[in-house]
2 protein chains.
Amino acid sequence: MRTVNPQRVENRRRQILDAARFCFEQKGFHATSMAEICARAEMSPGALYRYFSSKEEIIVAMSEETNFQAIDSLRTKTEDVKNGSNFLDAIHGLLTEIAATNFSKDQGALCAESISEAMRNIQFANAASIAYIEYQELFAQLLELGKNQGAIDEDQDTLELAAILMAIVDGMVLRMAFDSDFKSETAVKWIGNLFCRYLTSEAKDYVSNNFGKPICIVDFKNTRFPGGQFDE
Amino acid sequence: MRTVNPQRVENRRRQILDAARFCFEQKGFHATSMAEICARAEMSPGALYRYFSSKEEIIVAMSEETNFQAIDSLRTKTEDVKNGSNFLDAIHGLLTEIAATNFSKDQGALCAESISEAMRNIQFANAASIAYIEYQELFAQLLELGKNQGAIDEDQDTLELAAILMAIVDGMVLRMAFDSDFKSETAVKWIGNLFCRYLTSEAKDYVSNNFGKPICIVDFKNTRFPGGQFDE
DNA sequence: AATAAGAGAACGAACGTTCGCTTTTTTAAT
DNA sequence: ATTAAAAAAGCGAACGTTCGTTCTCTTATT
C-alpha cells in the first residue's frame, strides 16, 4: 500500500504555481489556458488536476503567495524601525523593493487584472481584501513610527495616509503597464518627491542639510537619500 | 429600391453602445456575452452584427467614446482658463467632474479591465494610448497656465506632473473598485490635499487667506475652495 | 420589386475539466 | 532480496459547455 509523499506534492504544487505565474504575468489570468500552464509545468492536465481542483484555485493560491510576500517584507521593515532604524531609511528601502518587484509592464498588467478579478470573484476578493487591510495597518504602524521620530506631522491620520500612498503606488504600477514611456525611475522619483511633501519641516531640514537640495524637488533616485543609493 | 437610412443606423449603434456600456460596467468586457448585450439592446445577434462586426469593435468604440468625452471636458476647462478664469477654480471643477463620473465601484472595475485589455489587444491599446497622450498634453497645458498665474512653481515639469496626477487619480479610481471602505470623498479630499502641496506659497497664501486653514490639511470637500462647494 | 433590416437556430472553435487507462512507487509478505 | 499487491501519480483523448459569429430565412420599408 503506497502512501502519499508530502514533499513530492509540495514540489508539484510549486512547479504549477511557478508555471502559472509565468503565464499569468505574460498573458493574464483569462487569456492563459490550462493547457499553457500544463505545458509550462511539463505536466498533463490529469496530473495538474491532482494538485489543484480548478483554475480559480491556482489564481487564488498564486495571489495569496504574492500578498504574503509583500506583507512579510513590510513587516520586516516595520520591525527594523521599532528596533531603532531610521524611518526614512525604511521608507526608502521599501520603495526600492516595491520598484524592483512591481514596477514593470508585466506586474502592472497583472495588478490590473487582479483588481478586475477581485470584482467578479468573491473568493479572490476576500483573500485580496484581507491582505490589503493587513498591509494598510502595517504601513500605518510604520508611519506612526515616523511620527515618533518627528518625520511626519502629528495630526496626520496614518491609516488614511497609508491607504492613499498605497493607491498612489498602484496608480504608478498601472500607468507603467499602460504607457511604456512611463519609467520605473520616474515613478520612484515622484513617489519620493510627493512623500517628502508630507514630511515635517524637521525631517525636511534633515534631508536638506545632508543633501543640500530643496526638499520639493528631492529625487530618491538621483540624490543620496539617508540610507544610500538605489542599486543599478 | 430601398436605401440605407443613416439616421436609423446611428440610432441602432447608439442603442448597442448604451447596452454594451451598461453590461460592461456591471460585469466587465469578458464576462459579458454578446447574448447579454443583444438582450439589453433588444436586438437579435443577426441584427447586432449588421452594426458592429465583432465584440472587440464594440469594446473599442465604447472606450473611444469615453475617452473623447474626458478629453473634451478637459479641453473646455483649459479654454476657460485661457480666457481668464482662475486656475484653481478650473482644477476644482475638473476634480468635481472626475469624481462624479469616475469615482465609483463600477467605473473602477471598468478602468482596471480597460488597462488589462490594453495589454492584450493592440487595437484597443492604440486608441487608449492616443487618448492618454492627448489628455496628458492638455492637462500639462492647463498646469502651464497655472504657472502663468503663479500657482505652480516655475521649475515643475508640467508634462511629468500631469502624468503623475493622472496616475494618482487612476490609483484612487482602482482602489475604489477594490475597497468599498475607500470612499469618493476620501479620494477627493486627498487629491485636493496633495495637489495643494504642489502649489506655490503665493497660491497657498491665497487659499489660506480666504479660508483660514493651513494648506497642508486643506480639504476640497469640506472647506470652500475658490469656485465653490461640491454639489451633494 | 428590390433590398435593407431583423430573427434566431446552428456552427465551430476554445477551453476547463473529467475519465479510463497506464506507469511508477511504496509497502509488506515471502 | 524478491516479488506481488495496492494505490499513488501521470497521461492524453474526449466530453460538455460556453460563446462569438454566421447563415438562412422572414419581415419591413422604400
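Residue numbering restarts at 1 for every chain, and letters A, B, ... go by the order of the sequence lines. Side-chain atoms are counted along with the backbone in the values below, which use heavy atoms only and exclude waters and symmetry mates.
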Worksheet item: What string of B, S and - do you get for nucleotides 17-30 of chain C 5' to 3' if you count protein non-hydrogen atoms under 4.0 Å?
Response: BBB----BBBB---
Return the value, rounded to whole Å, for the distance between atom [atom1] of [X] and atom [atom2] of [N].
| X | N | atom1 | atom2 | result |
| --- | --- | --- | --- | --- |
| B/Asn11 | C/dG6 | CG | C1' | 16 Å |
| A/Ile58 | C/dC15 | CD1 | P | 15 Å |
| B/His30 | D/dC19 | NE2 | P | 13 Å |
| A/Ile37 | D/dG12 | CD1 | P | 18 Å |
| B/Arg12 | D/dT29 | CZ | C1' | 14 Å |
| B/Leu48 | D/dC23 | CG | P | 16 Å |
| B/Gln7 | D/dT30 | CD | C1' | 17 Å |
| B/Phe52 | D/dT21 | CZ | P | 13 Å |

Discussion item. Using 30° and 60° as the class boundaries, would you call the ring planes of A/Phe24 and A/Phe29 parallel, tilted or perpendicular?
Written reply: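 If you compare the ring of A/Phe24 with that of A/Phe29, the planes turn out perpendicular.
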Worksheet item: Any Lys/Arg nitrogen of B/Arg14 or B/Glu65 sitting under 4.0 Å from an Asp/Glu carboxylate oxygen of the other?
Response: yes
Discussion item. Do the side chains of B/Lys82 and B/Glu144 get close enough for a salt bridge, i.e. N-O under 4.0 angstrom?
Written reply: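 Here B/Lys82 does not pair with B/Glu144 in a salt bridge, since their nearest N and O are not under 4.0 Å apart.
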Fill in: Short side-chain donor-acceptor distance under 3.5 Å, B/Glu57 and B/Ser53
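Yes.
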Worksheet item: Under 3.5 Å, is there a donor-acceptor pair between the B/Asn11 and B/Tyr51 side chains?
Response: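 Checked: B/Asn11/B/Tyr51 side chains show no N/O donor-acceptor pair below 3.5 Å.
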Discussion item. B/Glu25 vs B/Lys105, test: salt bridge (charged side-chain N to carboxylate O under 4.0 Å, His left out). Steps then yes/no.
Written reply: CA-CA 9 Å; B/Glu25 282 177 0; B/Lys105 200 173 173 68; over 6 Å; no
Worksheet item: Is it true that the NZ or CZ of B/Arg40 lies under 6.0 Å from the centre of B/Phe22's six-membered ring and within 45 degrees of the ring axis?
Response: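 Pair B/Arg40/B/Phe22 counts as cation-pi.
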Discussion item. For DNA chain C, which residues of residues 15-22 of chain A approach it to below 4.0 angstrom with any heavy atom?
Written reply: none
Item to complete: Would you kindly compare B/Thr32 and A/Ala47 by the position of their nearest DNA chain D nucleotide and give the one closer to the 5′ end?
Response: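 The residue mapped nearer the 5' terminus is A/Ala47.
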Practice prompt. For A/Arg175 and B/Ala167, work out which heavy atoms get closest and say how close.
Written response: CB-CB, 4.1 Å
Worksheet item: Which pair of non-hydrogen atoms, one from B/Ala19 and one from B/Ile37, has the smallest distance, and what is that distance?
Response: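 Closest heavy-atom pair between B/Ala19 and B/Ile37: CB-O, 3.8 Å.
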Item to complete: Identify whether any heavy atom of A/Tyr51 sits under 4.0 Å from a base atom; if not, whether one sits that close to sugar-phosphate; answer base, sugar-phosphate or nothing.
Response: sugar-phosphate
